[in-house]
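Chain letters run A, B, ... following the sequence lines, proteins first, then strands; residues in each count from 1.
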Protein chains: 2
Amino acid sequence: MSSYHHGNLRAALLDQAITVIGNNGVESLSLRKVAKDLGVSHAAPTRHFKSKADLLTAIVKDAYLELTETILVDAENAMSDDSIVRLNLMARSTIRWALNNRAKFTVMTNPDVSRFADDELKAALGAFSQTVAEAIEKATQQGFRKTVSVPTLLLYSVGAALGAATILTDEFMQSVLGTPNNDQIIAEIANQIIPLN
Amino acid sequence: MSSYHHGNLRAALLDQAITVIGNNGVESLSLRKVAKDLGVSHAAPTRHFKSKADLLTAIVKDAYLELTETILVDAENAMSDDSIVRLNLMARSTIRWALNNRAKFTVMTNPDVSRFADDELKAALGAFSQTVAEAIEKATQQGFRKTVSVPTLLLYSVGAALGAATILTDEFMQSVLGTPNNDQIIAEIANQIIPLN
DNA sequence: CAACCGATGTTGACAATGACAACATTGGTT
DNA sequence: AACCAATGTTGTCATTGTCAACATCGGTTG
């Protein structure tokens, strides 16, 4: 029962990478250091990720799957049949998830990841997009900005939620903008994005 | 009149770095390659930027100054005395600027830059923030979401504009979200962020 | 006008890193 | 029991950021 084989290296690499990114940013991520942290040789990661970009892509793919699941569950738990309320809750849920998963979120919005996106990432982002688009569609049918197209509202609402989350997860921007830092802020921002009556 | 001294290396470094980033992303930026492109030795950049992060910080500082100037001029040129219209135009102007300056914009939203932000960057972002905050204040006085605090509206509007621009400057996200790709889209998005009557 | 000096650029060096090739070990399958 | 695909290791290479020591310039000052 030697430890020649780690047993769960792929998952461990993802976890450790996220931890490192959370502590010191994507820029500081070193595959060799991560490997060393896990007690594994410097080339071991290449068996699971053919490049550093590939590892980041995997992180983002998982992140979108997780985020999609989260907003679906949160909207469901609210048990409201008001489609506009549900859309509002999805915005709320997205921002909250970003704040609870800062490291993953910062990787998601890293433009360098998009450049190496593969089909799996495309599918994960597609599922998220689809989920929000469907919620938007129902909201428009209930009267939410009914003169505006769904793709435009999708760009608006996803963009607004991600943008607000970007500021909220960035200490520097937050300090300069003088962003309020309390529990209410997430709900308030969601209410600006998707106003309720 | 040898060419031992470049004469304008600092500005040339910034320009070339922005070009490289525009072509292949921040990740691909190599100070040594940039130096070589400019016909200068590999260590020359250190005379102007004490680190790679320092160069990126300088790019972002310039970017915020430029963006602030742009939204001020655009709002001015509109010659509308309606504060809500002016705020709407600022959102429009911000998104347009981002699309016209993709490389700079992607660096602005890079979380790794915030980590090394210096006082100059802080001042530049502060000026931008101040400019938008003043426009918001006037809009609220004219009735725009008057029950909401200015800091919250600042977070919302800046976040929404930056977030929408993030998607619009990212080909991958755009392709998956099915974002409309036409000249009208900027105005439409601005109208979602700051609705006019 | 000449000596000086701070700013700017060069050369050389080093450690860290991503990536690849060749080899080793493992556990499950046939 | 032999095999083999998956997984991990060792060794190596080019690239890179950064620093130190040295070179050259242009402007300032006596």
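For the pair G7(B) and H42(B), both in contact range of DNA chain C, the more 5′-proximal nearest nucleotide belongs to G7(B).
Taking the side chain to side chain contact (heavy atoms under 4.5 Å, CB included) definition, one finds that E76(A) meets it with R86(A), sequence neighbours left out. N88(A) pairs by the side chain to side chain contact (heavy atoms under 4.5 Å, CB included) definition with R92(A), A190(A), N191(A), I194(A), L196(A), not counting sequence neighbours. Applying the side chain to side chain contact (heavy atoms under 4.5 Å, CB included) rule to A103(B) yields the partners I18(B), I21(B); only residues at least two apart in sequence or on another chain are considered.
Pairs passing the ring-ring contact (aromatic ring centres under 6.0 Å, His included) check and including a residue from residues 78-120 of chain B, sequence neighbours excluded, do not occur. Sequence neighbours left out, not one pair with a member in residues 138-178 of chain B passes ring-ring contact (aromatic ring centres under 6.0 Å, His included).
Here dG8(D) presents its P atom at 11 Å from CZ of F49(A), a figure rounded to the nearest Å. Look at CG on D54(A): it is 14 Å from P on dG18(C), rounded to the nearest Å. In this structure, F116(B) atom CZ and dG17(D) atom P are separated by 14 Å, rounded to whole Å. Between the P atom of dT18(D) and the NZ atom of K50(B) lies a distance of 10 Å, rounded to the nearest Å. At whole-Å resolution of the value, CZ in R10(A) and P in dT7(D) are 10 Å apart.
In this model, the phosphate group of dG8(D) is approached by a side-chain N or O of H48(A) to a distance below 4.0 Å at OP1 or OP2.
Considering only the side chain of R47(B), dT10(C) comes nearest among dT10(C), dG12(C), dT9(D). Distance from the side chain of A43(A) is smallest to dC20(C) among dG9(C), dC20(C), dT18(D).
Between K138(A) and I84(A) there is no side-chain heavy-atom pair separated by less than 4.5 Å.
Non-hydrogen atoms lying under 4.0 Å from DNA chain C are contributed by L29(A), S30(A), L31(A), R32(A), K33(A), all within residues 11-38 of chain A.
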